[in-house]
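Working notes for the structure below.
Everything numeric in this text was worked out from a predicted model, so none of it was measured.
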Amino acid sequence: MNLPALLPLPHQHFLKGLLRTPFHGYHFTFHSSAHLLPGILCAQPFKSLGLHCTKWMLLSNGLRRKLCVQATLKDHMEGLSDKEQRFVDKLYTGLIQGQRACLAEAITLVESTHSRKKELAQVLLQKVLIYHREQEQLNGGKPLAFRVGLSGPPGAGKSTFIEYFGKMLTERGHRLSVLAVDPSSCTSGGSLLGDKTRMTELSRDMNAYIRPSPTRGTLGGVTRTTNEAILLCEGGGYDIILIETVGVGQSEFAVADMVDMFVLLLPPAGGDELQGIKRGIIEMADLVAITKSDGDLIVPARRIQAEYVSALKLLRKRSEAWRPKVIRISARSGEGITEMWDKMKEFQDLMLASGELTAKRQKQQKVWMWNLIQENVLEHFRTHPSIQEQIPLLERKVLSGALSPGLAADLLLKAFKSRD
């Protein structure tokens, strides 16, 4: 059967273009009903295209011109050896069954910088994502987990708070995953990864999983794979995900692009309200908690609480459903921790009811996709053969002052553009 004859113009030109385009390995879907013309099943004539899972359909008001292109999981799996497929299947099966060892191994795979392991990680993530979406549909379209970002300056008591807070949540029947990001040394490249050692009780809890990860120099302390680790934890059945970041000023903006709620922990002697606004931290916070509000620090904690309440009034409203709150807590005495969890649940319920939470997650996925693209494009640029040879030479010229950094960058970019 002649394929273009089935369709009126202008679709003939589109189909002829498709025949000349190497789109193998992609899934093309045209959304509409089951037949192209009366009595002609639309999927049959497209076998000659060599495309997988092709469907052409016709709406009552004509053929839609929207083309949806996505890489299929089957095509990813075809490139794996039998051993690699068994490995990915073993991790996936163990992960969705809630096995902590498989979750740990899956996150290690995702964090790997080895090129082949990166490919295996993407196959695993795609399988988990499909499972995750199915579970969300069974849950009435509501998110399976509550993602909370925690940040604050060193010494604010983040680890102490997480241990007390986490134990309270697990006692209430929740499963908690803590992704603690530790800074890597700029000189040695190593990380202390000491957060887990400071959460002795929580680390022994079978309903809690603590995963310290090095930043490897990532600005703000959020690793490039943190978002994927969140997905794996949710696939493993954890319904509350805490991401503890390095409080260095930039992490707040990075973590805000991957969590539902951002909580800022501040010690009582953390500066006045103007200092808080100047740092820009307060702008990202959905909830501000003044820690160590016990003993002699109760009076300073009350003062800083009042100052931050007044500071929040000066900021632009970010949500129609929620106004950021400032509370006082003490992980030593337990004061305010239960009330804090109540505020967090109230935030989740309000954001879900208003639809803002769903929109926020969709926006975050888009932002994270572009972040990964930027990182991978830069890596591709650095490792390209025509550029690798010139980088040391131009770096020496920049160091000696013979060439300005801007001109050196332009020369490298021109060489990269003209590589073909």
Side-chain angles (χ1 to χ4, degrees), residues 145-181 194-212 233 238-247 252 255 259-271 276 281-282 285-309 312 322-350:
F146 186 32
R147 306 170 183 172
V148 180
L150 287 174
S151 193
K158 294 187 291 293
S159 297
T160 308
F161 164 75
I162 289 173
E163 172 146 62
Y164 189 98
F165 185 62
K167 287 296 293 180
M168 183 193 76
L169 292 176
T170 56
E171 286 169 4
R172 294 188 180 192
H174 293 284
R175 297 192 70 207
L176 173 73
S177 176
V178 180
L179 302 175
V181 184
D195 286 298
K196 194 168 183 177
T197 62
R198 289 184 295 185
M199 304 178 194
T200 52
E201 290 294 323
L202 192 61
S203 62
R204 289 198 293 264
D205 195 321
M206 292 308 294
N207 287 319
Y209 174 75
I210 304 173
R211 173 75 181 207
C233 289
Y238 293 89
D239 62 332
I240 298 174
I241 317 292
L242 293 182
I243 301 97
E244 180 195 354
T245 64
V246 185
E252 290 78 13
V255 76
V259 296
D260 303 327
M261 185 179 196
F262 175 63
V263 178
L264 179 63
L265 302 180
L266 293 174
I281 295 173
I282 195 74
D286 298 303
L287 185 66
V288 179
I290 311 301
T291 60
K292 306 180 182 180
S293 180
D294 51 48
D296 296 337
L297 292 174
I298 288 180
V299 174
R302 286 175 178 166
R303 179 181 59 82
I304 201 74
Q305 180 187 21
E307 289 176 347
Y308 272 91
V309 167
L312 286 169
W322 177 260
R323 291 289 292 179
K325 307 286 193 300
V326 184
I327 59 173
R328 288 182 294 110
I329 61 170
S330 170
R332 189 170 70 176
S333 67
E335 181 190 353
I337 304 291
T338 302
E339 292 78 5
M340 182 177 181
W341 174 237
D342 292 338
K343 294 286 184 189
M344 293 166 73
K345 286 194 296 183
E346 181 189 353
F347 170 87
Q348 186 185 29
D349 293 339
L350 288 171

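Listed for the Ser330 side chain is no donor-acceptor partner under 3.5 Å among the backbone atoms of Glu335. Side chain of Lys158 to main chain of Gly152: a donor-acceptor pair is present (N/O by atom type, distance under 3.5 Å, no hydrogens or angles). Remark: the backbone N or O of Ile290 is not paired with any side-chain donor or acceptor of Lys292 at under 3.5 angstrom. A donor-acceptor pair under 3.5 Å links the side-chain atoms of Thr291 to the main chain of Leu266, judged by distance alone.
Note on ring orientation: taking the six-membered ring where Trp is involved, the planes of Phe347 and Trp322 are perpendicular (angle over 60°, cut-offs 30° and 60°).
The salt bridge (Lys or Arg N to Asp or Glu O under 4.0 Å) check on Arg204 picks up Glu201, with sequence neighbours excluded. Under the rule for a side chain to side chain donor-acceptor pair (under 3.5 Å), Glu346 has no partner lying at least two apart in sequence or in another chain. For Arg175, the side chain to side chain donor-acceptor pair (under 3.5 Å) test picks out Tyr238, with sequence neighbours left out.
With rounding to the nearest 0.5 Å, the separation of CD1 in Ile240 from SG in Cys233 is 13.0 Å. For the atom pair CD (Glu339) and CG (Asp342), the distance works out to 6.5 Å, reported to the nearest 0.5 Å. Rounded to the nearest 0.5 angstrom, His174 NE2 and Phe146 CZ are separated by 10.5 Å. To the nearest 0.5 Å, atom CD1 of residue Ile243 and atom CZ of residue Arg211 are 14.5 Å apart. If you take CD1 on Ile329 and CD on Gln305, they are separated by 11.5 Å, rounding to the nearest 0.5 Å. Rounding to the nearest 0.5 angstrom, the gap separating the CD atom in Glu244 from the CD1 atom in Ile162 is 4.0 Å.
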Leu176/Leu202 under side-chain contact (heavy atoms from CB on, under 4.5 Å): CA gap, chis, key distance, verdict: CA-CA 10 Å; Leu176 173 73; Leu202 192 61; 4.1 Å; yes
Full working for side-chain contact (heavy atoms from CB on, under 4.5 Å) between Met344 and Gln348: CA-CA 6 Å; Met344 293 166 73; Gln348 186 185 29; over 6 Å; no
Could you check Leu169 against Phe165 for side-chain contact (heavy atoms from CB on, under 4.5 Å), going step by step and ending with a plain yes or no? CA-CA 6 Å; Leu169 292 176; Phe165 185 62; 3.5 Å; yes
Does the salt bridge (charged side-chain N to carboxylate O under 4.0 Å, His left out) test come out yes or no for Glu307 and Arg303, once each step is laid out? CA-CA 6 Å; Glu307 289 176 347; Arg303 179 181 59 82; 3.1 Å; yes
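No option in Leu242, Asp286, Ile241 other than Leu242 meets the side-chain contact (heavy atoms from CB on, under 4.5 Å) test with Val148.
Under 3.5 Å, the side chains of Asp294 and Ser333 contain no donor-acceptor pair of N or O atoms.
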